[in-house]
Chemist: 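This structure is in structure tokens; I'll ask about it shortly.
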Amino acid sequence: MDIIKSIEHEQLKNKIPELKVGNTVKVHVRIKEGNKERIQVFEGIIIKVQGGGVNQTFTVRKISYGVGVEKTFLVHSPLVEKVELVRVGKARRARLFYLRDRVGKAAKTKEQVGARIENREITVKEDLTEEPVVETETPVESAPEEAPAIETENVTVQETMDTVKEEVVEDVKEEKKAE
């Protein structure tokens, strides 16, 4: 693996929230003020999602005291504690910059009818287990180094079926009378 890619892979979060343009979200951000640290919530509509990998960002817009405020957050930033879905919006385009010109109710997206509010998460990287490298005492010809083998667990599901013996009701009644 390339050195830069391996460093970027370490910085990625294991699970990231599913971000869609038009959704209303609460972003919990860690803020440092002097030597104190607290979590501040920024609630607004996602107007754009861009990039990929470590550099993936999303922009959230809200109106605070009559002034439009937009903040851009890095998805994989350690300062972003969590992203909570409040409302599923209906958007037919990738960027909702037209909301900047609107005020009041017009500055919101229509709510998707019948949508469930579920905080879905996308698994970016899985916890991988590496096999221990066994060193041999005898020197072997120097071959180019290969990446360590990665072991993944395969889950097998077995179905079991219970068999039920069917008996005719009359036969059972006759057996009880005979006893």
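These figures come from a predicted structure and were not determined experimentally.
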Chemist: Got a donor-acceptor contact below 3.5 angstrom from the Thr123 side chain to the Lys15 backbone?
Modeler: no
Chemist: When Phe58 is tested against each of Val27, Asn23, Val21 for side-chain contact (heavy atoms from CB on, under 4.5 Å), which residue passes?
Modeler: Val27
Chemist: Using side chain to side chain donor-acceptor pair (under 3.5 Å) as the criterion, list what pairs up with Thr59, not counting sequence neighbours.
Modeler: Thr72
Chemist: For residues 64-73, pull every pair meeting salt bridge (Lys or Arg N to Asp or Glu O under 4.0 Å), keeping only residues two or more places apart or in separate chains.
Modeler: Arg61-Glu70, Glu70-Arg100
Chemist: Please collect all salt bridge (Lys or Arg N to Asp or Glu O under 4.0 Å) contacts where either partner lies in residues 106-115, sequence neighbours excluded, each pair once.
Modeler: Arg87-Glu111
Chemist: Which residues pass the side chain to side chain donor-acceptor pair (under 3.5 Å) test with Arg93, sequence neighbours left out?
Modeler: none
Chemist: Rounded to the nearest 0.5 Å, how far does CD1 of Ile46 lie from OG1 of Thr24?
Modeler: 8.5 Å
Chemist: May I have all residue pairs that pass salt bridge (Lys or Arg N to Asp or Glu O under 4.0 Å) and include part of residues 20-29, sequence neighbours excluded?
Modeler: Glu18-Lys20
Chemist: Assess the residue pair Val83 and Leu19 against the criterion (side-chain contact (heavy atoms from CB on, under 4.5 Å)); give the C-alpha distance rounded to whole Å, side-chain angles, the decisive distance to 0.1 Å, and a yes or no.
Modeler: CA-CA 9 Å; Val83 180; Leu19 303 169; 3.9 Å; yes
Chemist: Apply salt bridge (charged side-chain N to carboxylate O under 4.0 Å, His left out) to Lys82 and list each qualifying residue two or more places apart in sequence or on a separate chain.
Modeler: Glu84
Chemist: Look at the side chain of His76 and the backbone N and O of Lys13, then say whether any donor-acceptor pair between them is shorter than 3.5 Å.
Modeler: yes
Chemist: When you look at Lys62 and Glu43, which way does the salt bridge (Lys or Arg N to Asp or Glu O under 4.0 Å) test go after all the steps?
Modeler: CA-CA 7 Å; Lys62 75 172 185 177; Glu43 183 176 351; over 6 Å; no
